[in-house]
Structure formats: C-alpha cells, structure tokens
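Remarks on the structure that follows.
Note on naming: letters A, B, ... go to the chains in the order of the sequence lines (proteins, then strands), and numbering restarts at 1 for each one.
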Number of protein chains: 2
Amino acid sequence: MAVAERRERERIARREAILDAAQQLTAEVGYQALRMDAVADAAELSKGTLYLYFANKEALCAGVASRLIDELLPVLEKNLAKTSSGLDAVRQVLQTYFDFTREHPHHFRFAVSWLSSGERMDDSTEAFQLYRERVGHVLQHAVTAIERGQADGSVRLDVDPLPQALQLWSSMLGVILINLNKESVSQRLPMPVDLDQVVNLHIDAMARALARKELS
Amino acid sequence: MAVAERRERERIARREAILDAAQQLTAEVGYQALRMDAVADAAELSKGTLYLYFANKEALCAGVASRLIDELLPVLEKNLAKTSSGLDAVRQVLQTYFDFTREHPHHFRFAVSWLSSGERMDDSTEAFQLYRERVGHVLQHAVTAIERGQADGSVRLDVDPLPQALQLWSSMLGVILINLNKESVSQRLPMPVDLDQVVNLHIDAMARALARKELS
DNA sequence: GTGCCCTGATGACCGTTAGTCAGTGGCTGA
DNA sequence: TCAGCCACTGACTAACGGTCATCAGGGCAC
C-alpha cells in the first residue's frame with residue numbers, strides 16, 4: 001500500500017511542522033508562556049489538530065526539548081574528542097553542558113520544571129520517553145569520562161562512576177539555574193558577585209574533588 | 001487613636017490567619033496546586049479579601065515561604081554552634097539545608113520555581129522582599145563558615161568566601177532538586193542508584209574541594 | 001463514473017482558576 | 001443620630017488548556 005506509506009510520511013512531516021512552529025515560538029517566549037493557540041496559528045492548523053499529534057502541551061514541549069538536546073550530543077562528542085585526560089573530559093562535559101544552556105535557556109528551564117514538578121506532570125507520553133533517553137545519553141558521557149579518568153590515572157579510584165556522574169550532573173544543574181537568573185539573584189546580594197565566575201569555581205571545585213593527585 | 005492601633009493589630013492578625021490557612025493547605029497539596037478559593041474557604045474569608053492582603057498568589061506563597069525559612073535559621077544556628085571547625089561548619093550548613101528541604105519539599109519547589117521563572121514572576125512585592133532577606137541570611141552563614149575555616153586552617157586560603165558560598169548554595173540546590181524527585185529520576189536510569197547517597201557524595205566532594213590539607 | 005466510507009482536520013465550546021470591582025454593612029467620630 | 005469610611009463580599013471576567021460533534025475530500029469497491 002503506497003498510500004499508507006505516503007500517509008505515514010505526511011503524518012511525520014506535519015508533526016515536524018508543528019514542532020518547527022513550537023520551537024520557534026519557544027525560543028521567543030519560553031515554554032511557560034507558549035500558547036497552544038499561538039502554535040496552532042503559526043503552524044497554520046487548528047488547535048484541535050495539535051492534539052492529534054501531541055497528547056498535551058507538555059508532550060509538545062518535550063518534543064521540542066528532545067530536538068534541542070539532539071543538538072547538544074554531537075557538540076559534546078566533538079569536544080570530548082579533543083580532551084587529553086579523563087579529568088579533562090569531566091570538565092569538558094560540564095563546560096559544554098553549561099554553554100549549551102546559555103544558548104538554549106528555555107530548554108533548561110523546561111528540564112528544571114519537569115524535574116521539580118513531582119507527580120504533577122504526566123511524562124509517560126512517547127515524546128517524554130524520547131527526551132529521557134537523550135538525557136540518559138548525556139549522563140552516560142559523564143560516566144564514561146570518569147571511567148576514562150580512572151583508567152588513565154587522572155581521577156581518584158575510590159569514586160563510583162555512576163553515582164558520581166549523577167552528583168556532577170545534579171550539582172551543575174543548580175549552578176546553571178542560578179546563572180540563568182543571575183540578574184535577579186545578584187541584584188539582591190549585599191555585594192556584587194560575578195555569577196559567571198561561580199560556574200568556573202564550581203567546575204574547578206569538581207575537578208579538585210575528583211582529581212587523583214593533589215593539584216596544590 | 002487607640003482605634004487605629006487596634007485596626008493595625010487586626011490587620012496583622014488577619015494576614016497571619018490567611019498565612020495559617022495557606023501554610024496548612026500548602027503542606028498538603030503544594031504551592032502549584034494551592035487554590036485561592038481554597039485558601040479563602042479555609043480562612044473563612046471571601047476570595048476578594050485575600051487580595052487586600054496579598055497582591056497575588058505568588059506573593060501569598062512568598063509569605064508562606066518566608067515563614068518556613070524562618071524555622072530553618074534557628075536550627076541552622078544551633079547546629080553550627082556544635083561544629084568543631086570551619087570546614088565542619090560548611091558541611092553542617094549543607095546538611096542542615098538538605099534536611100530542611102526533606103521536611104518542607106514544597107517550600108523548596110517554590111524556591112526553585114521562583115529562581116527558574118525568569119522575568120515572569122513579579123517578585124517586587126513586599127512579601128518577596130522579606131523572603132529574599134531570609135535567603136540572604138542563610139547564605140551569610142555559608143560565607144561565615146568559609147571565613148571561619150580559613151581562620152582556623154581547615155579551609156584553603158585561595159577561595160573567595162562569597163562567590164564560593166554561592167557555588168556551594170547553588171550546587172546544593174541542584175542536588176536537592178534531583179533528590180526530591182528521586183523516584184521519577186532513578187526509575188529511568190539503566191541501573192538503580194541510591195540518590196540519597198548522591199547528596200552525601202556531593203557534600204564530601206565539596207569538603208574535599210575546600211579542604212586545605214589533602215585528606216587522601 | 002458513482003457513491004460510500006474513513007481519516008484527518010476543524011473551531012466552537014467547556015471547565016478551571018487567577019484576579020476584579022461595584023456594591024454592602026457595620027463601626028466611628030462628630 | 002447619621003454621614004462617611006473601610007474592610008469585606010461574591011458574582012463576574014479573561015485567559016487558557018483541552019474536547020468533541022461535525023465536516024471535507026481522497027481512496028476504494030463496484
């Protein structure tokens with residue numbers, strides 16, 4: 001049935017068109033302020049049609065987020081290829097992730113709101129399965145970097161790669177969160193602080209904590 | 001005018017009564033699911049009245065959050081009094097904050113959603129001013145702990161207390177965020193991970209990164 | 001070629017909820 | 001006694017995510 005195949009192609013293309021519109025709008029206003037009506041308008045479809053392709057707004061956002069994180073993976077792999085040691089690779093994972101969130105702050109906000117939503121967000125939809133898988137890939141690069149460091153002697157042997165990668169990822173999450181809101185955060189501190197510097201301090205601290213040899 | 005004074009007392013009492021109702025409900029359902037109608041019902045007032053005391057729902061939530069963080073400060077001060085060194089005090093600040101978020105997960109979620117809201121949340125209301133001030137107090141304890149450690153020789157001298165305290169605070173934020181959602185997070189990892197352990201790993205890593213003497 | 005049917009699209013409509021505002025009643029001070 | 005003020009009220013509005021009865025038109029059987 002050539003018809004069935006064409007239908008399937010058209011379905012995928014329409015889904016992509018919706019994601020195009022949503023991604024464009026998201027980049028402008030963020031996930032929170034994204035309106036389903038606006039997406040429908042931009043995609044030149046009616047609102048009801050959106051719900052034929054995505055279970056709800058969150059699933060649509062997860063679709064956009066999956067696309068974005070797909071951009072991260074090749075960059076991360078390229079940067080990791082240049083590293084000279086496992087410890088250096090650990091730094092590179094953190095730095096690359098940070099740079100990515102600077103380019104796509106809305107994506108990061110979405111991830112945080114997903115993580116902090118508790119039970120509230122129904123993330124059992126297909127779009128979320130994909131998204132979680134991609135996040136898992138990023139995490140895996142951190143695990144691999146630690147293992148590589150243990151093999152080449154740059155990382156302490158008494159750390160367990162997987163839990164430690166989670167520690168790296170989650171602590172980085174908080175640092176980035178603050179950095180994304182540095183204007184409002186720093187404004188109300190007694191003295192001015194350079195919050196970009198805090199990111200570097202964090203990466204340095206992490207490297208020091210994982211380093212096998214004491215680097216002074 | 002004794003009347004004016006009584007009016008003022010009554011106004012404060014009513015405000016507190018609203019906060020009582022909101023705090024109770026928040027503990028049950030969280031900030032996100034808190035309904036202004038429900039608060040009005042619980043406080044035995046009409047919804048319109050709530051808006052005479054709080055500019056909007058967020059300001060009301062900030063009022064509840066301020067109350068909660070007020071509970072943290074004395075506990076933190078008590079725990080800090082028991083510490084034997086500055087480095088130990090740093091660990092204690094992190095641990096106490098973590099324990100607090102376990103008791104008041106909703107408060108923490110509110111703080112995160114405030115931080116990740118960007119421009120969206122109008123936090124110029126009086127209730128937020130108070131809340132920010134309290135957060136500043138907690139942060140100050142971290143700064144003081146680092147300074148104490150530098151004075152007693154337990155913390156490296158080449159760290160700048162204020163930025164480093166921000167690094168400690170923000171990284172801890174991320175670790176706690178993951179911990180609060182450990183069920184949903186760990187569920188989708190290739191192998192089971194104890195996310196409570198990640199908190200300990202993080203505190204250990206932070207201590208290692210700040211310690212003056214290499215502790216192997 | 002004709003007509004039936006299925007699929008995908010539609011948009012008016014619904015429910016929920018934050019926030020508003022014209023109206024009410026009781027206390028105060030003259 | 002009564003005018004005026006002020007806290008309070010609750011029906012109302014707007015905004016937005018999500019639904020569903022209905023429609024159009026392309027494909028298939030005959």
Side-chain angles (χ1 to χ4, degrees), chain A residues 1-18 21-22 25-26 29-64 110 113-114 117 120-125 127-128, chain B residues 1-18 21-22 25-26 29-64 110 113-114 117 120-125 127-128:
Chain A
M1 280 293 126
V3 169
E5 282 165 24
R6 197 206 63 216
R7 284 247 168 92
E8 181 58 19
R9 277 201 312 277
E10 283 175 351
R11 183 173 172 79
I12 291 171
R14 179 130 298 176
R15 195 188 136 97
E16 291 300 308
I18 294 172
L25 287 170
T26 298
V29 303
Y31 291 93
Q32 149 85 21
L34 188 70
R35 300 289 163 239
M36 293 305 269
D37 286 296
V39 175
D41 271 3
E44 296 179 302
L45 291 168
S46 74
K47 192 162 61 155
T49 306
L50 300 188
Y51 288 89
L52 296 176
Y53 291 86
F54 296 92
N56 50 39
K57 180 179 167 179
E58 280 155 6
L60 174 60
C61 292
V64 175
F110 172 72
S113 100
W114 168 46
S117 67
R120 171 173 102 247
M121 202 182 277
D122 171 26
D123 59 358
S124 60
T125 56
F128 264 107
Chain B
M1 280 296 125
V3 169
E5 284 164 23
R6 195 204 66 216
R7 284 247 170 90
E8 181 58 20
R9 278 201 311 276
E10 283 174 353
R11 184 173 170 82
I12 291 171
R14 178 131 298 175
R15 197 188 134 97
E16 292 300 307
I18 294 172
L25 286 170
T26 298
V29 304
Y31 291 93
Q32 150 83 23
L34 187 70
R35 300 288 162 241
M36 295 303 269
D37 286 297
V39 175
D41 271 3
E44 296 179 302
L45 290 169
S46 76
K47 192 161 62 151
T49 305
L50 300 188
Y51 288 88
L52 296 176
Y53 291 87
F54 297 92
N56 51 39
K57 180 179 167 179
E58 280 156 7
L60 174 61
C61 291
V64 174
F110 173 71
S113 100
W114 168 46
S117 66
R120 169 175 102 247
M121 201 183 278
D122 170 25
D123 59 358
S124 60
T125 55
F128 265 107

Nucleotide of D/dC8, C/dT28, C/dG8 approaching B/Leu52 most closely (side-chain heavy atoms): D/dC8
What pair of heavy atoms forms the shortest contact from B/Leu34 to B/Ala22, and how long is it? CD1-O, 4.1 Å
Quickly work out the B/Arg11 CZ to C/dC27 P distance and round it to whole Å. 19 Å
Please list, chain by chain and in numerical order, all residues satisfying side-chain hydrogen bond (donor to acceptor under 3.5 Å, both in side chains) with B/Glu8, sequence neighbours excluded. none
So what does A/Arg14 touch, heavy atoms closer than 4.0 Å: a base, only the sugar-phosphate, or nothing? sugar-phosphate
Show me the pairs that pass ring pair (Phe, Tyr, Trp, His ring centres under 6.0 Å) and involve residues 31-63 of chain A, at least two apart or across chains. A/Tyr31-A/Phe110
For B/Lys47, give me all partners under salt bridge (charged side-chain N to carboxylate O under 4.0 Å, His left out), at least two apart in sequence or on another chain. B/Asp37
Separation of C/dA18 atom P from B/Tyr53 atom OH, nearest Å, is 20 Å
For A/Phe54, answer base if it contacts any base atom (sugar-phosphate contacts may also be present), sugar-phosphate if it contacts only those atoms, and nothing otherwise; contact means non-hydrogen atoms under 4.0 Å. nothing
Separation of atom CG in A/Asp41 from atom P in D/dC16, rounded to whole Å: 13 Å
Please list, pair by pair, any protein nitrogen or oxygen found under 3.5 Å from a nitrogen or oxygen in nucleotides 17-21 of chain D.
unit_1	atom_1	unit_2	atom_2	d
D/dG17	OP1	A/Leu34	O	3.3
D/dG17	OP1	A/Arg35	NH1	3.2
D/dG17	OP1	A/Lys57	NZ	3.4
D/dG17	OP2	A/Met36	N	3.2
D/dG17	N7	A/Lys47	NZ	3.1
D/dG18	OP2	A/Tyr51	OH	3.1
D/dG18	OP2	A/Lys57	N	2.8
D/dG18	N7	A/Lys47	NZ	2.9
D/dG18	O6	A/Lys47	NZ	2.7

A side-chain contact here means heavy atoms from C-beta on lying under 4.5 Å apart; do B/Val29 and B/Arg35 qualify? no
Could you give the CD-to-P distance, from A/Glu10 to D/dG25, as a whole number of Å? 15 Å
Partner set under salt bridge (charged side-chain N to carboxylate O under 4.0 Å, His left out) for A/Glu10, not counting sequence neighbours: A/Arg6
Please report the closest heavy-atom contact between B/Ala40 and B/Ser46, naming both atoms and the distance. CB-C, 3.8 Å
d(CG, B/Leu60; C1', C/dT17) in whole Å: 15 Å
Nearest non-hydrogen partners of A/Leu45 and A/Arg14, listed with the distance: CD2-NH1, 3.8 Å
Show the nearest heavy-atom pair for residues A/Ala43 and A/Ala17, with the distance to one decimal. CB-O, 4.5 Å
Please list, for nucleotides 23-26 of chain C, all pairs of protein and nucleotide N/O atoms separated by less than 3.5 Å.
none

